[in-house]
Amino acid sequence: SEDDGRTGISRWLKKATTKEDVSAKKVRKDRAQRPTRAVQQAGDSDSDDGFTAVGKDGKAAEGPKYTEQNLNESLLALIAQRGRKNTNKQAAIKALETLVDVGVNALQKAKVLMALLSAQFDSAPSSGYLAAETWHRAQARVNELLQLLENQQQITISETGDSHDYKEDYAYKGAAITLRGSVIAFIDRLDDEFTRSLQHIDPHTPEYVERMRDAVPLYLTIVRAQGYFERSGLSDSLCRVVLRRLDHLYYRTDAVNAHVEKQAAGLAHVEKQAGLPSAAASGDSVIAGFEPVVPSTTTAVQGIIHALCSFLYHNADPVGRSRAMLMHIFNHALHKRYHVARDLLLMSHIQENVHQADVRTQVLYNRAVAQLGLAAFRLGMVQESFEHLMELMSTGRQRELLAQGVGQQRVQQLSPNEEQLQRQRQLPFHMSINLELLECVFLTASMLLEIPFMAASAANPDARRAPISRAFRRMLDWNERLVFMGPPENTRDHIMAAAKALAAGHWEEACDMIRAIKIWALLPDADEITAMLTSRIQVEALRTYLFTYATQFESVSLDGLAAMFGLPKPKVYALLARMVYHSEVQASLDEVGAMLVFSRANYDASSRLQQTALVLSNKVNAFADINERVFELKINGGQPPADRQQQGGGAGGAGGDQQRANYQGRRDGPGQGRRDGPGQNRRDGPGQNRRDGGGRGRGGHRGGAMGGGHRRNDNN
C-alpha cells in the first residue's frame with residue numbers, strides 16, 4: 001500500500017528486498033514476541049547462570065510479580081495461553097510452579113496444581129512419550145494433590161463441580177467446596193505415559209529395567225487415588241481406578257504381587273496413623289490389600305484380586321465387567337487353576353460376542369485363551385490345550401492378535417496410520433506371552449494327537465481322512481519332502497524329528513528330542529512337564545504301534561507291550577481296555593492269559609499289500625464304469641441314456657427307428673442310421689451289435705422297441 005512512485009502494472013510486480021525492509025520486518029517480529037519473552041524471562045530467572053536480562057534502557061528486566069491477590073488473575077492468563085501457537089510450554093510450567101509456592105491456602109494450591117498437571121502432560125510430544133524426568137515431576141505433583149485432598153477433606157474435585165474463578169479465593173476459610181476437575185484423568189494419563197515409554201524403549205537395554213522401577217511407585221499412587229475416590233463417593237472414577245489397579249496385578253505371579261501389596265499395606269498404615277477417616281484406612285474398603293501380606297502366602301493375594309474383580313462385576317459398566325472377567329481368567333490360568341478359569345469363561349459367555357467388542361477387550365480375550373491353553377498343557381490335558389490354542393495358532397497372526405508386534409500382511413500393505421495404531425496398542429515387553437513357547441506347546445500337543453490318528457487312518461481305509469491339525473500336517477509334509485535333513489536346530493525342527501521317531505515307534509528317540517528343547521526352562525514347573533511329556537509319548541507310541549501293526553498279529557502279550565514301551569502293566573491294561581471300549585481296535589482282552597486278542601476281521605484280509613490291492617481294484621472298477629459311460633455316449637451320437645429312454649419308451653420299432661434316425665443324424669444317406677451298410681446298424685456283422693460274441697441285440701434299436709417292444713442291453 002506504500003506509494004513508491006511506481007504506476008501501472010509495475011505496482012503489482014514483486015518488489016526487490018532491501019536491507020531496510022528486512023530490518024523493519026525484524027522490528028515487527030520482535031514486537032510480537034515481546035510478551036512471550038517476558039514470561040520466559042520470568043520463568044528462567046532461577047536458571048540464568050549468573051546473567052541478568054536487561055531492557056532497552058540497560059536496567060534489569062523484571063518479570064511479573066505474583067501475589068495471593070492476583071494469583072487467580074495470573075492463573076487464568078496462563079490457562080488462556082494453553083493450546084495457542086508460539087507458546088513456550090516450559091515457561092508456562094515454570095510460571096505455574098511459581099504460583100504453587102505463592103498460594104496461601106488449600107483452595108489456591110489445588111487450582112494451581114490441576115493447571116500445572118495439565119501443562120506438564122501437554123508438554124509430551126505427539127509421536128513420542130513424556131520424558132522420564134517430566135514424568136517423575138508429574139507423579140510427584142499428583143501425589144501432592146492427593147495429599148492435599150486427604151488433609152483437606154472439605155475440598156472435593158469432581159467433573160461436575162464449579163470452576164471458582166473468584167479473586168477473593170485468597171480469603172478461603174475452609175468451607176466445603178467442590179472444584180471442577182478430574183483426578184482420574186490425571187491417573188489415566190500418568191499410567192498411559194508410563195506404558196507409552198515402555199513401548200518405545202528397547203526391552204533388552206538397562207534403560208528398560210531402570211524404567212520398570214517406576215511401576216511400584218505408580219501402583220502406590222493408584223492405590224492412594226482409590227482411597228480418595230472411596231471416601232468421596234465418586235463411583236465412576238472408583239471403577240476406573242480399580243480397573244487400572246487390576247491391570248497392574250493380573251499378569252504377575254502371586255509371589256511378585258505379595259511384595260507390591262506389602263508396600264501398599266504400609267501406605268494404609270501411614271494413613272491410619274495420621275487419623276484419616278477414609279474408607280481405606282477404616283477397613284471398610286473394597287481394597288482387600290491394606291493388611292500386611294506375607295510374601296509366601298498366596299491366599300491373601302488371591303483374595304485381593306478376587307475382591308477387585310467382584311467389585312467391578314457389581315458396579316462397572318459392561319466393558320469394565322468384561323475386562324475384569326478376562327483379567328481374572330488370565331490370573332487363574334497363570335497359577336494353574338485351569339478348571340476355575342475355564343468355568344469362568346464358559347459362564348460369562350464372552351466368547352459369543354467378543355467379535356463386537358473393542359480392540360483392547362479382544363486382545364485381552366486372546367491373551368486369556370492363550371494362557372488357558374498353557375495352563376491345560378501344564379496339567380497334562382493335551383486335548384484341551386490343543387483346542388484352546390488351535391484357532392489362535394492356525395491364523396499365523398499371533399503377534400497381531402496378542403498385541404505383541406505388527407503382523408506382516410501378505411495380501412495388502414498396512415497404511416502408515418493403521419501401522420501406528422497397531423504400535424500404540426502393543427503391550428509392554430514384560431507383559432507379553434512368549435510366542436515361541438506358545439508355538440512349542442501347540443506343536444507338541446498336535447504331535448501327540450496327530451501321529452496316532454495318522455496311524456489309525458492308514459490302518460482303516462474307511463476312517464476319517466481330515467487332519468486334526470492342518471498346520472502341523474503341513475509342517476510335517478514339508479519336512480518329509482526335504483532332500484537333505486540335518487540335525488534339528490530350533491524348536492520346530494526338534495518337534496518334527498520327534499514326530500517322525502514317534503511314527504516309526506522309536507519312543508525313546510522322540511523323548512530325547514522333546515527334552516532337548518530349551519524353551520521348557522521358561523515354565524516354573526519344567527521338570528514336571530518333561531516327566532508328563534515322557535509318559536504321554538510312551539502312551540501314544542503304544543497306541544501308534546497297535547494301530548500300525550494290528551493287522552499283523554492274532555494276539556499280543558501285555559507283558560511284551562509293557563517291556564517294549566517302558567510302562568507298568570496295570571497302565572498298559574487300562575490303556576488297552578479303553579481302546580477296546582471305544583472301538584479303536586477290533587480286539588478283546590484275555591485276562592487269564594494277559595493278552596490282547598485281535599478279532600478275525602483284523603487279519604483275514606488286512607495286510608497292507610491286500611489293502612492296497614483292494615483300493616486299486618476299487619479304482620479300476622471306477623475307471624471301467626467311466627469307460628462304459630463314455631462308450632455309450634460315443635456309439636449313440638452323444639445322446640444320454642435318460643433321453644433315449646424317454647424318446648424310445650412306448651413307441652413301436654419303426655417309430656423308434658425313425659426317432660433315432662432324426663435324433664442321431666445320418667452318416668451314409670437320408671433316412672438311414674447305419675455304420676456298415678444300408679438298413680443296418682452293426683459293428684461285427686449283419687444284424688449284430690455285440691462286444692464279446694454273444695447275444696443279438698442291435699445298437700440301432702436300443703432307444704425304441706425291437707419286435708415286440710422289448711428293450712435290450714448291448715451285452716444281451
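Aromatic pair Phe429/His204: ring centres closer than 6.0 Å. No close placement of the His332 and His339 rings is indicated, their centers lying 6.0 Å or farther apart. Residues Phe330 and Tyr251 place their aromatic rings such that the two centres sit no closer than 6.0 Å. Taking the six-membered ring for Trp and the full ring otherwise, the centers of Trp478 and Phe472 sit at least 6.0 Å from each other.
No donor-acceptor distance shorter than 3.5 angstrom exists from the side chain of Trp520 to the backbone of Asp527, with no hydrogens or angles considered. Lys336 places no side-chain N or O within donor-acceptor distance of the main-chain N or O of Leu379, the cut-off being under 3.5 Å. In terms of modelled atom types and a separation under 3.5 Å, the side chain of Arg321 and the main chain of Ala316 share a donor-acceptor contact. Without hydrogens or angle criteria, Ser385 side chain to Met381 main chain gives no donor-acceptor distance under 3.5 Å. One N or O on the side chain of Asn315 and one on the backbone of Phe311 form a donor-acceptor pair closer than 3.5 Å. Put simply, the side chain of Thr205 gets close to the backbone of Asp202: a donor and an acceptor are under 3.5 Å apart. A donor-acceptor pair under 3.5 Å is absent between the side-chain atoms of Arg211 and the main chain of Pro206, judged by distance alone. Side chain of Glu193 to main chain of Leu130: a donor-acceptor pair is present (N/O by atom type, distance under 3.5 Å, no hydrogens or angles). In this structure, Arg84 contributes its side chain and Ala80 its backbone to a donor-acceptor pair below 3.5 Å. One N or O on the side chain of Ser322 and one on the backbone of Pro318 form a donor-acceptor pair closer than 3.5 Å.
Rounded to the nearest 0.5 Å, atoms CG (Asp214) and OG1 (Thr221) are 10.0 Å apart. Interatomic distance, CG of Asn366 versus CD of Glu400, reported as 10.0 Å (0.5 Å rounding). Summarising the geometry, atom CG belonging to Asp236 is positioned 10.5 Å from atom CD1 belonging to Ile184; distances are rounded to the nearest 0.5 Å. Summarising the geometry, atom CG belonging to Leu220 is positioned 11.0 Å from atom NE2 belonging to His248; distances are rounded to the nearest 0.5 Å. In this structure, CE in Met393 is found 4.0 Å from CD in Gln398, a value given to the nearest 0.5 Å. Interatomic distance, CD1 of Ile468 versus OG of Ser446, reported as 9.0 Å (0.5 Å rounding).
The side-chain heavy atoms of Leu346 and Arg342, taken from C-beta on, include a pair separated by under 4.5 Å. Looking at heavy atoms from C-beta onward, Ile517 lies in side-chain contact with Ile495 at the 4.5 angstrom threshold. Proximity of Asp192 to Arg244: side-chain heavy atoms (C-beta onward) are separated by under 4.5 Å at one or more points. Side-chain contact between Thr444 and Val441: absent, with no pair of heavy atoms (C-beta onward) separated by less than 4.5 Å. At least one side-chain heavy atom of Leu402 sits less than 4.5 Å from a side-chain heavy atom of Leu392. Considering only heavy atoms from C-beta on, Gln226 comes within 4.5 Å of Leu308 through its side chain. Counting heavy atoms from C-beta on, the side chains of Tyr219 and Leu249 come closer than 4.5 Å. Residues Pro488 and Met496 have side chains not in contact (no heavy-atom distance under 4.5 Å, counting atoms from C-beta outward).
Judged by distance alone, the side chains of Asp358 and Thr361 do bring a donor and an acceptor atom under 3.5 Å apart. If you check the side chains of Gln120 and Arg137, you find no donor sitting under 3.5 Å from an acceptor. A donor-acceptor pair shorter than 3.5 Å cannot be found between the side chains of Gln90 and Ser123. Using modelled atom types, one finds a donor on one side chain and an acceptor on the other under 3.5 Å when comparing His349 with Glu352. Donor-acceptor pairing under 3.5 Å is lacking for the side chains of Tyr365 and His355. In this model, no donor atom of one side chain and acceptor atom of the other lie less than 3.5 Å apart for Gln404 and Ser432. Looking only at atom types and distance, the side chain of Ser158 has no donor-acceptor partner in the side chain of Thr156 under 3.5 Å away.
When all heavy atoms of Tyr208 and Leu198 are compared, the closest pair comes out as CE1-O, 3.5 Å. Nearest heavy atoms, Ala225 versus Leu146: N-CD1, 4.0 Å. Considering every non-hydrogen atom in both Cys309 and Leu246, the closest pair reads SG-CD2, 3.6 Å. Taking each heavy atom of Thr87 and Gln81 in turn, the nearest pair found is OG1-O, 3.5 Å. Shortest non-hydrogen contact noted between His388 and Val369 is O-CG1, 3.3 Å. Of all non-hydrogen atoms in Leu243 and Gly320, the two that sit nearest each other are CD1-O, 4.3 Å.
A salt bridge does not link Lys94 with Glu97: none of the charged nitrogens is closer than 4.0 Å to a carboxylate oxygen. Salt bridge status for Lys89 with Asp122: absent, with no side-chain N to carboxylate O gap under 4.0 Å.
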**Q.** Audit row: Leu190, Leu117, side chain to side chain contact (heavy atoms under 4.5 Å, CB included) steps and yes/no
**A.** CA-CA 10 Å; Leu190 195 67; Leu117 284 170; over 6 Å; no
Q | Arg196 and Asp191: CA distance, side-chain angles, deciding distance, salt bridge (Lys or Arg N to Asp or Glu O under 4.0 Å) verdict | A | CA-CA 9 Å; Arg196 192 175 292 115; Asp191 193 15; over 6 Å; no
Q: Given salt bridge (Lys or Arg N to Asp or Glu O under 4.0 Å), test Arg473 with Glu450 step by step and report yes or no.
A: CA-CA 8 Å; Arg473 187 72 70 88; Glu450 188 71 31; 2.2 Å; yes
Q.
Using side chain to side chain contact (heavy atoms under 4.5 Å, CB included), reason through Ile519 and Asn434 one step at a time and then give a plain yes or no.
A. CA-CA 9 Å; Ile519 200 69; Asn434 193 299; 4.1 Å; yes
Q: List the steps, then state whether side chain to side chain contact (heavy atoms under 4.5 Å, CB included) holds for Glu384 with Tyr338.
A: CA-CA 10 Å; Glu384 289 78 2; Tyr338 168 75; 3.5 Å; yes
Q: Output, in order, the C-alpha distance, side-chain angles, deciding distance and verdict of ring-ring contact (aromatic ring centres under 6.0 Å, His included) for Tyr313 and His306.
A: CA-CA 10 Å; Tyr313 296 157; His306 179 75; 7.9 Å; no
**Q.** Worked check of salt bridge (Lys or Arg N to Asp or Glu O under 4.0 Å) between Arg240 and Asp188
**A.** CA-CA 9 Å; Arg240 289 170 61 182; Asp188 289 344; 2.4 Å; yes
Q) Does the pair Glu261 and Arg245 meet the rule for a salt bridge (Lys or Arg N to Asp or Glu O under 4.0 Å), with working shown? A) CA-CA 11 Å; Glu261 289 298 332; Arg245 181 180 179 183; 3.0 Å; yes
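By the 6.0 Å contact criterion, CZ on Arg470 is open, its count of non-hydrogen atoms from other residues, nucleotides or ligands being 12 or less. In the displayed structure, Arg337 atom CZ is contacted under 6.0 Å by more than 12 heavy atoms of other residues, nucleotides or ligands. Under a cut-off of 6.0 angstrom, the local environment of CD in Glu391 is sparse, with at most 12 non-hydrogen atoms contributed by other residues, nucleotides or ligands. Heavy-atom neighbours of Gln351 CD from other residues, nucleotides or ligands within 6.0 Å: above the threshold of 12.
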